[in-house]
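Some notes on the structure that comes next.
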Amino acid sequence: MSDVLSLLSRIAEASTVRNVWDLATGHFAGLGFGRVNYGFTRFLVDRGIGNPEDAVFLTTADAEYVRRYFAGGLFARTPAFRWAQQNSGACTWGWIDAAFRRGELSADEAAAVQQNAAMGISAGITVSFPETSSRSKGALGMIADPGLDHAAVDAIWEERRQEILAVANMMHLKIVNLPGANRRRPLTQRQREALEWVADGKTMQDVALLMGVSPAMVEKHLRLAREALDVETTAQAVAKAALLNMIFQKDAPEAQSLPRSTAAR
């Protein structure tokens, strides 16, 4: 118990997504789950994740897996993804195997199960995080190491359920409050500063004076920020940058702080 409490404290005190991810996934690997996937969006639309550029995708798997599972959209066709969309909580994957054998999955889901099996993926655990916003959703998939079947995973889950959930939830809560965990190019320091002054209610003239530049230069910074965030208005840019933790942060987001993921590609 003391080891888990120490880990939770280190995750809570971590200052980058990479540090949080490495701490949590290192723990999961020690439990028999060396491959871990995580996804989060604040822009859920009709059960879809919205623009993938705004979503967070992290994985400990190799580049080929990333290409097939994330970039190829396989994740969205899996039964576990459907379950995570419709539920909050956690489950092991024995029900997927049973539903597949009974022919209860859709054609796309059955094909996804077969593709996963071809990559050595069959047993595991899904954690679907509770969210306070109807537009947000996050989930974690823990893939059992080779040699661990559904019965073995169920046994691990029965023994370590609270530990796994505590680490997973702390990881999730920390990641969603850190900057840098998305695929958009980071805002420059001046773009962030201009957006922050606008968010504080300053006029264009005020911002120009505060930044020591011309109003035209302020508009350039805001235009580039709008382009980086793929929005049409400065008000939208302020709102989106705030949601993505890209403004009012102590440190600018660093691309190198991200672990291997589609967010870093």
Side chains of [X] and [Y], heavy atoms from C-beta outward: is any pair under 4.5 Å?
X	Y	result
Ile175	Leu58	yes
Asp200	Phe248	yes
Phe28	Leu140	yes
Glu193	Leu210	no
Thr16	Leu178	no
Leu195	Met246	no
Thr92	Ile156	no
Lys137	Ser128	yes

Shortest non-hydrogen contact from [X] to [Y]?
X	Y	answer
Pro215	Ala208	N-CB, 3.7 Å
Ala123	Leu148	CB-O, 3.7 Å
Ser136	Glu131	O-CG, 3.4 Å
Asp145	Ala29	OD2-O, 4.4 Å
Ala99	Leu105	CB-CD2, 3.7 Å
Asn177	Leu173	ND2-O, 2.8 Å

**Q.** Shared hydrophobic cluster for Trp95 and Ile143 (ILVMFWY, side-chain gaps under 4.5 Å)
**A.**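 Linked within one cluster.
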
Q. Should Val238 and Leu224 be counted in the same cluster of Ile, Leu, Val, Met, Phe, Trp and Tyr side chains packed under 4.5 Å apart?
A.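 No; Leu224 is not reachable from Val238 via cluster members.
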
If the condition is salt bridge (Lys or Arg N to Asp or Glu O under 4.0 Å), which residues does [X] pass it with, not counting sequence neighbours?
X	result
Glu64	Arg67
Glu13	none
Arg223	Glu227
Glu159	none

If you measure from [atom1] on [X] to [atom2] on [Y], what distance do you get to the nearest 0.5 Å?
X	Y	atom1	atom2	value
Asp22	Met171	CG	CE	12.0 Å
Lys240	Phe43	NZ	CZ	5.0 Å
Arg226	Gln236	CZ	CD	10.0 Å

**Q.** Enclosure of Arg101 CZ (heavy-atom neighbours >12, cutoff 6.0 Å)
**A.**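 No, not enclosed.
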
Q: Verify side-chain contact (heavy atoms from CB on, under 4.5 Å) between Arg190 and Val213, making sure each step is shown before the conclusion.
A: CA-CA 11 Å; Arg190 296 298 262 175; Val213 297; 3.3 Å; yes

Q.
Quick test of your reading: applying salt bridge (Lys or Arg N to Asp or Glu O under 4.0 Å), list the pairs with at least one residue in residues 23-38, sequence neighbours left out, ordered by first then second residue.
A.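 Residue pairs passing salt bridge (Lys or Arg N to Asp or Glu O under 4.0 Å), neighbours aside: none found.
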
**Q.** Listed once per pair and sorted, the salt bridge (Lys or Arg N to Asp or Glu O under 4.0 Å) pairs that draw on residues 70-83, sequence neighbours left out
**A.**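 Of all non-adjacent pairs touching residues 70-83, those that pass salt bridge (Lys or Arg N to Asp or Glu O under 4.0 Å) are Arg82-Glu109.
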
Enumerate donor-acceptor pairs with a distance under 3.5 Å from any side-chain N or O in residues 3-10 to protein atoms, sequence neighbours excluded.
| from | atom 1 | to | atom 2 | distance (Å) |
| --- | --- | --- | --- | --- |
| Ser6 | OG | Arg10 | NH1 | 2.9 |
| Ser9 | OG | Leu5 | O | 3.2 |

Any side-chain to backbone donor/acceptor pair from [X] onto [Y]? Under 3.5 Å, distance only.
X	Y	value
Glu163	Arg160	no
Thr41	Ala55	no
Arg42	Val176	yes
Lys174	Ala14	yes

**Q.** Residues Glu196 and Lys202 bridged, charged N to O under 4.0 Å
**A.**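 No, this pair does not count.
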
Q) Which pairs with one or both residues in residues 138-174 pass ring pair (Phe, Tyr, Trp, His ring centres under 6.0 Å), sequence neighbours excluded? A)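 The answer is Tyr38-His172, Phe40-His172, Phe129-His172.
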
Q. Which residue pairs satisfy the ring pair (Phe, Tyr, Trp, His ring centres under 6.0 Å) criterion with at least one member in residues 189-227, sequence neighbours excluded?
A.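 Sorted pair list comes back empty.
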
Q: Fit a plane to each ring of Phe81 and Phe75, take the angle between them on a 0 to 90° scale, and name the class: parallel (under 30°), tilted (30 to 60°) or perpendicular (over 60°).
A: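 Because their plane-to-plane angle is over 60°, the rings of Phe81 and Phe75 count as perpendicular.
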
Q. With sequence neighbours left out, what residues match Ser122 under side-chain hydrogen bond (donor to acceptor under 3.5 Å, both in side chains)?
A.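 In terms of side-chain hydrogen bond (donor to acceptor under 3.5 Å, both in side chains), with neighbours along the sequence ignored, Ser122 is linked to no residue.
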
Q) Taking only residues two or more places apart in sequence or in another chain, which ones pass side-chain hydrogen bond (donor to acceptor under 3.5 Å, both in side chains) with Asn37? A)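 Asn37 satisfies side-chain hydrogen bond (donor to acceptor under 3.5 Å, both in side chains) with Thr59, Tyr65 only.
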
Q: State which residues pass side chain to side chain contact (heavy atoms under 4.5 Å, CB included) with Asp149; sequence neighbours excluded, sorted by chain then number.
A: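 So Asp149 forms a side chain to side chain contact (heavy atoms under 4.5 Å, CB included) with Ala151, Ala152.
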
Q. What's the verdict on side-chain contact (heavy atoms from CB on, under 4.5 Å) for Leu74 and Asn116, showing C-alpha distance, side-chain angles and the deciding distance?
A. CA-CA 9 Å; Leu74 176 61; Asn116 271 334; 3.8 Å; yes

Q. Between Val153 and Phe33, is a side-chain contact (heavy atoms from CB on, under 4.5 Å) present by the stated rule, with each step listed?
A. CA-CA 9 Å; Val153 170; Phe33 303 91; 4.3 Å; yes

